[in-house]
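Atoms within each ligand, like the ligands themselves, are counted from 1 in listed order.
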Amino acid sequence: MIPATLTRSEDRSGALLTIDLAAIVANWRTLKRLGGPGCDVGAVVKADAYGLGLVPVAQALKSAGCTTFYVAHIDEGIALRPALGPEPRILVMHGPNPGTEKDFAAHHLIPVLSTPPQIKAWRGFAHSSDVLMESVVQVDTGMNRLGLTAAEFESHVANPDGFLGLHPLALMSHLACADTPEHPMNARQREHFASALSVFRGKFPDAKGTLANSSGLFLGRAFVFDMARPGVALYGVNPTPGGANPMVPVVRLQAKILQVRRVDAAAPVGYGAAHLTPDGAKLATVSMGYADGLLRSWSPNGRAFVDDFAVSVAGRVSMDLTTFDVSIVPESALGPGAVIDIIGTRHTVDDVAREAGTIGYEVLTALGSRYTRRYLPAVRT
Ligand SMILES: *Cc1c(COP(=O)(O)O)cnc(C)c1O
């Protein structure tokens with residue numbers, strides 16, 4: 001029982017973050033339809049499921065039928081394994097740091113091998129400890145970030161021992177420009193990947209191909225291959241930035257108003273006195289700042305809502321506080337308990353990102369830890 005003297009954490013915190021698990025599941029189903037029957041559409045849950053909570057998000061998707069999960073770091077995989085049980089596949093996209101191969105075996109995690117030393121170390125480990133574990137080989141098809149270069153891939157293929165002892169589940173690559181369908185990189189990377197995959201299948205006929213992220217799934221069936229790795233679209237961010245958003249919104253972020261004041265004469269607001277507010281303006285300050293993920297670069301163009309009224313940030317976002325000009329909002333909407341909707345259906349993650357000069361990925365992964373997080377269940381009763 002909660003002692004009468006202790007208020008609920010929702011009462012104590014400065015903002016509420018509501019995460020709709022049913023919306024995440026609906027988005028996964030949309031992506032699964034797009035992948036078609038031949039494609040294993042998984043879920044990328046790295047970076048704490050893009051800031052929305054690794055365990056609740058992954059468990060909701062597992063219950064909906066998702067069987068393949070992707071994380072970046074091994075520790076994310078170790079945290080995820082007990083939450084999912086033994087069955088689902090967990091791929092660790094950064095692969096093993098030297099000496100951590102045994103941790104992959106212990107937690108039943110599939111490494112993505114991107115460099116010749118990773119491949120060599122994994123082969124040595126598999127051989128000496130007699131493990132028959134799946135791995136994934138990554139090739140670089142033009143992004144120049146991670147994966148075997150074309151020359152490294154060719155030399156591994158030409159060497160009869162190059163991939164010896166591996167049991168590759170798949171060949172993987174990543175698209176640089178999937179959110180820009182007209183970009184010529186897409187077709188070039190697809191070509192390169194398809195030809196590497198056919199060479200790879202000469203050695204490992206059952207190897208699957210995985211190329212598409214969220215936006216890649218929208219480039220057409222030619223980009224889908226056998227396994228897809230969507231992340232951001234699950235969380236409601238638009239994977240087709242040039243057009244309407246096919247995903248449903250997932251996040252609602254509401255900041256509590258701490259203080260409302262009217263300025264009697266034109267006056268500066270906030271640090272640096274950088275913003276001059278007009279005579280008679282009404283200001284509301286909320287309990288939320290850049291330590292909570294409201295980017296400082298959002299200050300000049302930031303917008304939000306109080307009920308149906310659009311309001312603007314006044315002055316600079318500071319560490320724990322942000323002030324809005326709420327002059328147009330009637331007093332009745334600003335009483336005790338009033339909130340400002342920072343993210344919601346009227347004002348999305350993509351809107352906040354545009355105003356801050358960044359992308360939805362950064363807005364989501366920046367979300368802070370001081371909110372009360374409320375999860376709407378995946379299955380409503
Ligand atoms: C993060 C990541 C993804 C997911 O990308 P989204 O654009 O969020 O869908 C897929 N593959 C790799 C290699 C990644 O790093």
Participant: Please step through side-chain contact (heavy atoms from CB on, under 4.5 Å) for the pair R89 and M227, ending with a clear verdict.
Facilitator: CA-CA 12 Å; R89 282 181 187 137; M227 297 169 71; 4.0 Å; yes
Participant: Could you establish whether Y70 and ligand 1 come within less than 4.0 Å of each other, counting only heavy atoms on the residue side?
Facilitator: no
Participant: Can you tell me which portion of P230 lies within the under-4.0 Å heavy-atom range of ligand 1? Options are side chain, backbone, both, or neither.
Facilitator: backbone
Participant: Is a donor from one side chain sitting under 3.5 angstrom from an acceptor on the other, for T240 and N238?
Facilitator: yes
Participant: Any side-chain donor paired with an acceptor under 3.5 Å for S215 and N213?
Facilitator: no
Participant: Going by distance only, is there an N or O of S215 that falls short of 3.5 Å from an N or O of ligand 1?
Facilitator: no
Participant: Select one of side chain, backbone, both or neither to describe which atoms of M143 lie under 4.0 Å from any atom of ligand 1, heavy atoms only.
Facilitator: neither
Participant: Using distance alone, decide if ligand 1 has a nitrogen or oxygen within less than 3.5 Å of any nitrogen or oxygen in V232.
Facilitator: yes
Participant: For R145 and D140, what are the C-alpha separation, side-chain angles and deciding distance, and is it a salt bridge (charged side-chain N to carboxylate O under 4.0 Å, His left out)?
Facilitator: CA-CA 7 Å; R145 192 177 67 168; D140 189 298; over 6 Å; no
Participant: If I apply the N/O under 3.5 Å rule, does V44 come out as touching ligand 1?
Facilitator: no
Participant: Which ligand 1 atoms does Y50 reach within 4.0 Å, using its non-hydrogen atoms?
Facilitator: 1 (C), 4 (C), 5 (O), 6 (P), 8 (O)
Participant: List the closest protein heavy-atom neighbour of atom 9 (O) of ligand 1: residue, atom name, distance to the nearest 0.1 Å.
Facilitator: S214 OG, 2.5 Å
Participant: Does R346 pair with D351 as a salt bridge, N-O distance under 4.0 Å?
Facilitator: no
Participant: Go through the steps to decide whether K62 and E87 satisfy the test salt bridge (charged side-chain N to carboxylate O under 4.0 Å, His left out), and finish with yes or no.
Facilitator: CA-CA 10 Å; K62 181 196 168 193; E87 284 299 317; over 6 Å; no
Participant: Around atom 5 (O) of ligand 1, find the nearest protein heavy atom and jot down its residue, atom name and distance.
Facilitator: N213 CB, 3.5 Å
Participant: Of all the non-hydrogen atoms in the protein, which one sits nearest to atom 10 (C) of ligand 1, and at what distance?
Facilitator: R229 O, 3.4 Å
Participant: Taking the side chain as everything from C-beta on, heavy atoms only, tell me whether V263 gets closer than 4.5 Å to L283.
Facilitator: yes
Participant: Using non-hydrogen atoms of the residue, decide whether H94 is closer than 4.0 angstrom to ligand 1.
Facilitator: no
Participant: Tell me, with the steps shown, if R221 and D226 meet salt bridge (charged side-chain N to carboxylate O under 4.0 Å, His left out).
Facilitator: CA-CA 10 Å; R221 279 290 159 89; D226 312 294; over 6 Å; no
Participant: Under 3.5 Å between any N/O of Q138 and any N/O of ligand 1: does that happen in this structure?
Facilitator: no
Participant: Do the charged groups of D292 and K256 touch, with an N to O distance under 4.0 Å?
Facilitator: no
Participant: How far is atom 7 (O) of ligand 1 from its nearest protein heavy atom, and which residue and atom name does that atom have?
Facilitator: Y361 OH, 2.6 Å
Participant: Using a strict 4.0 Å cut-off to heavy atoms of R145, name the atoms of ligand 1 that fall inside it.
Facilitator: 15 (O)
Participant: Write out the residue and atom name of the closest protein heavy atom to atom 15 (O) of ligand 1, then the distance separating them to 0.1 Å.
Facilitator: K46 NZ, 2.7 Å
Participant: In terms of atom number and element, which parts of ligand 1 are under 4.0 angstrom from non-hydrogen atoms of M172?
Facilitator: 13 (C)
